[in-house]
Amino acid sequence: MGWLRMVVVGLMVVIIAHKLSKMNKEPPLPTLDPNPWWAPGEPQQEDVSINRFNINFSKKEVDDLKARLALPLRLTPGLEDANFTYGINADTLHTIVQYWRKKYDWNKRQTRLNTYPHFKTHIEGLDIHFMRAGAKAGSAKNVKVVPLLLIHGWPGSFVEFYDILPLLTNPQEGSSVVFEVICPSIPGYGFSQGSSKQGFGQLEAAQVFLKLMKRLGYKQFYLQGGDWGSLIASNMATMYPNNILGIHVNMFTINTPGANLKMVLGALLPAGVVVEEEDQHKLYPLSTFVSMMARESGYLHLHATKPDTIGAALNQSPVSLAAYILEKFSSWTHRDNLHQPDGSLLQQHFPISLDAMLDNICIYWFTSTITTSVRLYAETFNKNFVSKSLDNIPCVVPAGLVTFAHESVNSPKSFASHKYYNIVTNNDQATGGHFAAMEEPALLATDLHQFVNIVEKKRT
Ligand SMILES: *[C@@H]1O[C@H](CO)[C@@H](O)[C@H](O)[C@H]1NC(C)=O
Ligand SMILES: *[C@@H]1O[C@H](CO)[C@@H](O)[C@H](O)[C@H]1NC(C)=O
């Protein structure tokens, strides 16, 4: 590093530090309308009953899906040797659609999805769905039952959690807690109704989920989430610290002035000065990170600006919907999967079963929710939400952070303290990607147990 560069970096540090010291005033907690109405029309008296239901799509709906899958495919052959680098590969999609038509058995899968009881209740005008997985402490001694709100993301759903739930609800070696788990569907996803009015974003979802937990009798509970789940959980922990015992997230990006300054300085200064050596690969070289983001984040811009257009294109055909979602399963489990002819999706070692991915796609299809699901981006990446500056309001509840090796976007460990002021665990896992609950349920469950055990020990 030449002396000139040293001087330039030094000057930058002084200028930026000066600017930061002026702007480190914490923004106030945003105020939300405590009783909005998101359903069509004028507010009405709300029925607050909680009703059990089975997932049970009619024969007509299932036959309709089969008929659509049986239509001749209109796939454009992929470019020679392009694999997934231009998006999903046509041959792979063809193979999966044939499997979906001929081998995948919805009725059997539906029975599996009903292993846990499903419920709906009304909140702020919307039908809100949740699945409940009861704690099974059994005869285990000295095991405490603690409530957990477990929140999915996009393009996921409550389907993400079937493999991890037994590891949370049953006693585990070395853990003195078991979880009573509530898995809701984010409004606009699966069986939770989408808003009919503009302005329902992740903060509004946080308020709905707090009301849900209170209605179920939980004044205080733990949170776990990835993707949107981690953002909604983070908002809940920031907005309602008195209700949250601890937050555990398997995806976090820290977007505060301090963390952003570290990101820039980390690119200019030698490894280890700002960002730990073992965390360098999460961001640097910055050019690799930026080009990866440019390549992989087009969907985000589209969702954030024209959700109804992409929604219309995807909701008309199950093949189109599957193409869009499967590509994300491929690239978000490992970014190099795009260099495999089948995006790794059909390989024996792919960490998520084809059946589980199709279950998830079926939920989007049967409930016809792809459009409402992607509107969440438009309600988040806008002036109204950004101006609330939630990233700059500290989260003071105990936090457990975990980074899976192939997560699409990671922050170095040392950035986390700019948002989370009470970090209890902050672990790296050597395997796994964006869909941690599906890919590495045991690692995620163990990490969560470890975090909650430490927090519980401190509480008593
Ligand atoms: C689904 O609905 C059908 C027809 O109403 C009924 O016969 C069947 O028992 C239901 N299955 C489940 C799992 O609720
Ligand atoms: C596509 O996959 C083939 C076979 O694995 C490989 O040889 C080739 O380099 C890959 N090309 C791209 C662009 O990913």
Side-chain angles (χ1 to χ4, degrees), residues 49-67 75-96 104-121 127-134 157-159 161-162 165 183 185 190-193 287-299 323-324 326-352 354-356 358-369 406 408 433-434:
S49 62
I50 297 168
N51 301 299
R52 172 94 167 78
F53 76 102
N54 280 330
I55 300 176
N56 194 1
F57 293 106
S58 66
K59 184 168 182 313
K60 194 164 155 239
E61 288 165 293
V62 177
D63 288 347
D64 176 80
L65 170 61
K66 280 194 186 140
L75 299 177
T76 305
L79 296 173
E80 290 172 13
D81 289 326
N83 305 331
F84 268 47
T85 55
Y86 283 67
I88 195 161
N89 168 274
D91 290 339
T92 305
L93 183 56
H94 182 273
T95 305
I96 293 177
Y104 176 84
D105 180 349
W106 170 253
N107 289 328
K108 234 179 169 164
R109 302 302 294 178
Q110 183 169 260
T111 303
R112 179 173 187 265
L113 296 178
N114 282 321
T115 327
Y116 297 102
H118 294 268
F119 302 87
K120 277 186 195 173
T121 188
D127 253 351
I128 300 299
H129 159 249
F130 64 94
M131 175 167 83
R132 185 169 203 152
S157 63
F158 63 91
V159 170
F161 299 125
Y162 283 76
L165 282 173
C183 297
S185 293
F191 299 99
S192 283
Q193 186 182 350
S287 57
T288 308
F289 180 76
V290 170
S291 60
M292 186 278 292
M293 284 298 286
R295 185 186 77 207
E296 298 298 336
S297 65
Y299 81 99
Y324 198 67
L326 288 167
E327 184 227 277
K328 297 296 175 237
F329 273 108
S330 166
S331 55
W332 292 357
T333 47
H334 197 301
R335 66 181 65 158
D336 292 341
N337 282 341
L338 87 172
H339 295 301
Q340 299 294 321
D342 60 359
S344 291
L345 292 170
L346 300 174
Q347 289 171 31
Q348 205 70 56
H349 62 73
F350 192 72
I352 309 174
L354 199 46
D355 279 346
L358 290 172
D359 292 345
N360 181 62
I361 293 166
C362 278
I363 293 298
Y364 277 88
W365 177 258
F366 285 130
T367 59
S368 199
T369 47
H406 308 298
S408 27
H434 187 72

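Counting starts at 1 for both ligands and their atoms, following the listed order.
- No donor-acceptor distance shorter than 3.5 angstrom exists from the side chain of Ser330 to the backbone of Leu326, with no hydrogens or angles considered.
- More than 12 heavy atoms of other residues, nucleotides or ligands shown are found within 6.0 angstrom of CZ on Phe53.
- By the 30° and 60° cut-offs, the orientation of the rings of His129 relative to Phe158 is perpendicular.
- Close contacts between ligand 1 and Asn54 involve ligand atoms 12 (C), 13 (C), 14 (O) [criterion: under 4.0 Å to a heavy atom].
- Distance check on atom 14 (O) of ligand 2: some protein heavy atom falls below the 4.0 Å cut-off.
- Under 4.0 Å from ligand 2, the heavy atoms of Asn83 that appear belong solely to its side chain.
- Close contacts between ligand 2 and Asp81 involve ligand atoms 1 (C), 11 (N), 12 (C), 13 (C) [criterion: under 4.0 Å to a heavy atom].
- Considering only non-hydrogen protein atoms, atom 5 (O) of ligand 2 sits nearest to Pro341 CD, 3.8 Å.
- Within a 4.0 Å radius of atom 9 (O) of ligand 1, the protein contributes no heavy atom.
- At least one N or O atom of Asn56 sits closer than 3.5 Å to an N or O atom of ligand 1.
- Under a 4.0 Å criterion applied to the non-hydrogen atoms of His339, ligand 2 contributes the atoms 1 (C), 2 (O), 10 (C), 12 (C), 14 (O).
- Here's the thing with Thr85: none of its N/O atoms is less than 3.5 angstrom from an N/O atom of ligand 2.
- Judged purely by atom type and a 3.5 angstrom limit, His406 has no side-chain atom pairing as donor or acceptor with the backbone of Asp336.
- Not a single N or O atom of Gln340, backbone or side chain, sits closer than 3.5 Å to an N or O atom of ligand 2.
- Side chain of Asp127 to backbone of Gln193: no donor-acceptor contact under 3.5 angstrom is found.
- Using modelled atom types and a 3.5 Å distance limit, the side chains of Glu61 and Ser58 yield a donor-acceptor pair.
- Side chain of Asp105 to backbone of Asn107: a donor-acceptor contact under 3.5 angstrom is found.
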